[in-house]
Chemist: 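Please read through the structure below; I'll follow up with questions.
Note on naming: letters A, B, ... go to the chains in the order of the sequence lines (proteins, then strands), and numbering restarts at 1 for each one. No experiment lies behind these values; they were computed from the predicted model shown.
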Amino acid sequence: MTDPFDLTDDDLDAAPGDPETPPPEPPWLAGLNPEQRRAVETLDGPVLVLSGAGTGKTRVLTTRIAHILHLRRAQPWRVLAVTFTNRAAREMRERLAAMIGPVAESVWLGTFHALSLRMLRRHAEKVGLRDGFSILDADDQLRLLKQLMVDANMDPKRDPPKALMGRIQRWKDRGLTPDRVPDADAREGAARRARELYTRYQTRLLELNACDFGDLLLHTLAILQAHPDIAAEYQRKFDYILVDEYQDTNVAQYLWLRLLAAGHRNLCCVGDDDQSIYSWRGAEVGNILRFDTDYPGAAVVRLERNYRSTPTILGAAAGLIRHNTDRLGKDLIAAGAAADDPDVRKVTVRGLWDGEAEARWVVEEIEALGHEMRGSGNGTGNAAAGTAILVRATFQMREFEDRLMTCGVPYHVIGGPRFYERLEIRDALAYLRLVAQPDDDLAFERIVNTPKRGLGETSLQTLQIMARAAGIPLLAAARDLAASDELKPRARTALGAFVADVDRWRALVGGMPPSEVCATILEESGYAAMWKADKSPEAPGRVENLEELVGAVAEFETLDAFLEHIALVMETESKGAAAGVTLMTLHAAKGLEFDVVFLPGWEEDLFPHKRALDEGGQASLEEERRLAYVGLTRARTRAFVSFAANRRIFNNWQASMPSRFVDELPDAFVDKTSDTGLYGAVTAGFAEEFGGWGTRHPRRTLAAGSGGSAGRVAPGTGTWKVRDRSGDGQGIRVGQRVFHQKFGYGTVQSAEGGKLAVNFEKAGRKTVVAGFVEPA
DNA sequence: ATTACAAACATTTTT
DNA sequence: TGTTTGTAAT
């Protein structure tokens, strides 16, 4: 297979094809609506396509590329199309190939990271990396950082490595090398220490001839900035640049694009500010918000015709997202069913007693819909699945899994630990890496004593000191050490044998297919045997995974090719469509669509998540709201929102209030009182039995018009029935004995913001909403 | 060097 | 509640 990214044999300065005879209008333009057509046909200069959910974003991107090529405005290899995920890149390439055939292979199409890596491989020496540098994954990064912390005598209690790593990554997201981190960002103690550590970290990476994900962009950026000749070369190479999911770009990516587009400014960015949900990973919504300031004269195209969802779903979503202030402002128009279509159902909103009841209800609804549940992929990559349950946090998944399993409803979970992140796979990969790259110290450390070879702390310490003193890789040091008599005989023999093994395996590379090399290593190292002998319940699965790994290696010609691939693509290609209900986080659902979507857990403190609010305030609230918006707009025909009054989190019960987002859904599009009357009955039951929702969020007041008359269902408005407990459990004092329906009798320990901490006699200490208890 | 137990902690995670 | 992480004991 030819490498579509290989620059080396391209003619960087090839002239664009001559536009002699414009071919007849191709069929693909005909199917576009006027806005899409404008987005496709506005070829020159900067273009921003604001593409709302379900408005045909990918279609516009692929058609635009096809159009450019069709008009001979550029050769395929002079078009650069950037995505965030491998999935998006794959989908785009497939759809492009369907339009224009195999020539689609030549387009420079890939993720920011994959494309950066191609450039970086060519110019690695400019940033101090040598040929064949390796790419660390999250696990390696953290282990490296921890080592550096130990060296620097830092206390992991005071500075959690993960937090420090996070800071470093955020700096990298902003395109900041250690020397460029502003003092203002490193004033406070932890930040100052993080910056120092950042410097050491980068130094150590170069020593290891390695870089992390962030570096792929950062180094490339540094090269383009420091070497105008190289920058100019790429600026001339690409005639047209297209970017997907522009709202998710971070500063480094923004600068990367700006540099590459600096010449002709033929930059087309597609995105939706309302779907920006990754700011916590460094994404800057600001990039899309100020596109036309950055690129004066930019054409802005709004795609607002939604081909996915019903008018009610869109209406509900629009009502919600209207509460955000920092928006470019788009309104989705349903292109499908009319608003008065009797088949169009409102969004169902349902309150339930607890998480378990919620799960039960959701699965009942799924069964009642009797929906023909198809898998999550339909071949074209445009995911069209049956039903999905979208949760805010992964811990919510369990309850649904339990219930689905009990009811025998087929389901699958998306997300969770990925194949290449599993322990046994990472270990196996470390073997392969060490064989392919003798100076990969991190790989060496990982597996010297896995399986156990009797090489402990002390032996390895000796080895580390020796390697560092001599400035050589650990494997080389191990070879020397095994030949000396510094170690105890037992350790020396073990180390010698290990080095000999690695040498022997390396000799195999090239002589036999990489999958056989892999299998041999796993056998001879005793690693496979280690898991086969393991009696723990997960061991058989691990053995299977190892076999699967050997199968995955078989897809590649060389070991290096395989290792390079997995460094960038941390997932195995999904094999066929998984059946049944899809269970995943809201974040994972972006870009997908389903006939029916369930959105459970719409409760204050869970969604919007308390921690997000604590950390990021108003901006985070808006991001949470966008997440809710993304969730709703995944649905084609039906959406179900639910919340529970009580939720067990980490073994203790938390009383919870409906999310403010529930109130923000416009009544006109929402069924808070279902037509069977069930919903109303349950609410009434709640009110009756448990004192109603009692207190709303302390910082919120009831919807206008019902504030003074809580306790009454305003006719036709669907307002929640609320019983006024004369304000936030007034009259309940600390030390008072109270009664709670679920927990029984207890004593109030503290009261704050309408919530009480109560020490229950049977149930222990819980936090409950004041409205749920009564004086005993 | 390895095992065992307790203590801490638990949003989201495209590459 | 389940997992992961660190320490203590063998």
Side-chain angles (χ1 to χ4, degrees), chain A residues 82-91 110-117 135-138 141-142 146 156-157 160-162 165-166 169 172-173 211-218 244-245 247-250 252-253 275-283 355 390-399 402 414-418 420-421 423 449-460 488 490-491 494 538 565-571 584-592 601 605-616 620 623-624 626-627 630-631 647-653:
Chain A
V82 198
T83 65
F84 269 85
T85 64
N86 293 302
R87 192 189 84 205
R90 200 186 321 131
E91 176 178 344
T111 63
F112 277 102
H113 294 86
L115 295 165
S116 291
L117 177 61
I135 303 161
L136 305 192
D137 60 31
Q141 289 175 46
L142 208 59
K146 280 180 187 164
K157 286 252 165 60
K162 274 193 186 141
M165 197 71 235
Q169 268 162 351
K172 290 192 174 186
D173 288 337
C211 67
D212 64 21
F213 276 113
D215 287 337
L216 294 177
L217 278 150
L218 206 55
D244 190 18
E245 305 277 21
Q247 79 282 353
D248 286 337
T249 50
N250 60 34
Q253 288 156 340
Q275 291 187 67
S276 163
I277 55 176
Y278 281 109
S279 75
W280 49 277
R281 286 205 85 211
L390 308 180
V391 296
R392 172 69 245 262
T394 42
F395 74 79
Q396 292 172 266
M397 287 186 184
R398 173 174 298 161
E399 248 160 349
D402 284 351
I414 304 237
R418 284 176 296 177
Y420 290 111
E421 281 170 2
L423 175 87
N449 203 30
T450 313
K452 303 274 183 284
R453 296 187 174 89
L455 292 162
E457 189 92 23
T458 40
S459 320
L460 294 180
K488 297 208 187 94
R490 241 204 332 247
E538 68 271 15
H565 173 79
I566 59 118
L568 289 175
V569 185
M570 289 297 286
E571 56 183 27
M584 62 175 141
T585 63
L586 286 159
H587 282 92
K590 195 173 70 155
L592 304 177
D605 293 355
L606 175 59
F607 192 35
H609 200 281
K610 187 171 189 302
R611 229 164 111 171
L613 265 46
D614 288 347
E615 283 165 19
S620 291
E623 181 150 315
E624 295 282 301
R626 290 194 290 269
L627 200 50
V630 166
R647 196 170 285 280
R648 196 173 51 182
I649 300 175
F650 314 134
N651 203 28
N652 60 340
W653 286 91

Chemist: Requiring both pairing distances under 3.5 angstrom, list the stems that contain DNA chain C and are made of three or more consecutive Watson-Crick or G-U pairs.
Modeler: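 Looking at DNA chain C, the stems formed by three or more consecutive pairs are B:1-9 with C:2-10.
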
Chemist: Report yes or no: does A:Glu623 contribute a side-chain atom to a donor-acceptor pair with the main-chain N or O of A:Ser279 at less than 3.5 Å?
Modeler: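 Indeed, once roles are kept as given, a pair shorter than 3.5 Å links the two residues.
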
Chemist: Which atom names give the shortest non-hydrogen contact between A:Thr585 and A:Met397, and what distance separates them?
Modeler: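 That would be N-CE, 3.6 Å.
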
Chemist: Rounded off to whole Å, could you give me the CZ-to-P distance for the A:Arg648 and C:dT1 pair?
Modeler: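 One finds 7 Å between P of C:dT1 and CZ of A:Arg648, rounded.
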
Chemist: Would a distance-only check, ignoring hydrogens and angles, find a side-chain to backbone donor-acceptor pair under 3.5 Å from A:Gln396 to A:Ala393?
Modeler: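 Flag set: sc A:Gln396 to bb A:Ala393 pair under 3.5 Å.
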
Chemist: Any carboxylate oxygen within less than 4.0 angstrom of a Lys/Arg side-chain nitrogen, looking at A:Asp215 and A:Lys172?
Modeler: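 Judged by the 4.0 Å cut-off on N to carboxylate O distance, A:Asp215 and A:Lys172 do form a salt bridge.
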
Chemist: Using a 4.0 Å heavy-atom cut-off to protein, can you give one letter per nucleotide of nucleotides 9-15 of chain B, 5' to 3': B if the base is in contact, S if only the sugar-phosphate is, - if neither?
Modeler: -BBBBBB

Chemist: Closer than 3.5 angstrom, by distance alone: can the side chain of A:Asn449 be matched with the main-chain N or O of A:Gly454 as a donor-acceptor pair?
Modeler: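 Side chain of A:Asn449 to backbone of A:Gly454, a donor-acceptor pair under 3.5 Å: yes, one is there.
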
Chemist: For nucleotides 4-10 of chain C, just jot down a letter per nucleotide in 5' to 3' order: B, S or -, based on protein non-hydrogen atoms under 4.0 Å.
Modeler: -------

Chemist: Could you pull out the closest heavy-atom pair between A:Ala88 and A:Thr83, with the gap in Å?
Modeler: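 Scanning both residues, the minimum pair turns out to be CB-CB, 3.9 Å.
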
Chemist: Is the glycosidic angle of B:dT11 within 90° of 0, making it syn, or outside that range, making it anti?
Modeler: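 Nucleotide B:dT11 adopts syn.
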
Chemist: If you look at every heavy atom in A:Phe213 and A:His113, which pair is closest and at what distance?
Modeler: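 Looking at all heavy atoms of both residues, the shortest contact is O-CD2, 3.4 Å.
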
Chemist: With heavy atoms under 4.0 Å as the rule, sort A:Lys452 into base, sugar-phosphate or nothing.
Modeler: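 Sugar-phosphate: the residue A:Lys452, judged by heavy atoms under 4.0 Å, touches backbone atoms but no base.
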
Chemist: If you take all heavy atoms of A:Arg647 and A:Leu606, which pair is closest and at what distance?
Modeler: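 Minimum heavy-atom separation between A:Arg647 and A:Leu606: NE-CD2, 3.8 Å.
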
Chemist: With sugar-phosphate meaning primed atoms plus P, OP1 and OP2, does A:Ser459 contact a base, only sugar-phosphate, or nothing at under 4.0 Å between heavy atoms?
Modeler: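 Touches sugar-phosphate only.
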
Chemist: With rounding to whole Å, what would you report as the distance between B:dT12 and C:dT5 at their P atoms?
Modeler: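 Comparing P positions in B:dT12 and C:dT5 gives a spacing of 15 Å.
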
Chemist: State, to 0.1 Å, how close A:Val630 and A:Gln275 come at their nearest heavy-atom pair, and which atoms those are.
Modeler: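 Looking at all heavy atoms of both residues, the closest pair is CG2-CG, 3.8 Å.
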
Chemist: Using a strict cut-off of less than 4.0 Å between a Lys/Arg side-chain nitrogen and an Asp/Glu carboxylate oxygen, indicate whether A:Arg418 and A:Asp137 qualify as a salt bridge.
Modeler: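 The answer is no: the pair does not qualify as a salt bridge.
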
Chemist: Is there a side-chain contact between A:Glu615 and A:Ser620, using heavy atoms and a 4.5 Å cut-off?
Modeler: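 Contact flag for A:Glu615/A:Ser620 side chains = no.
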
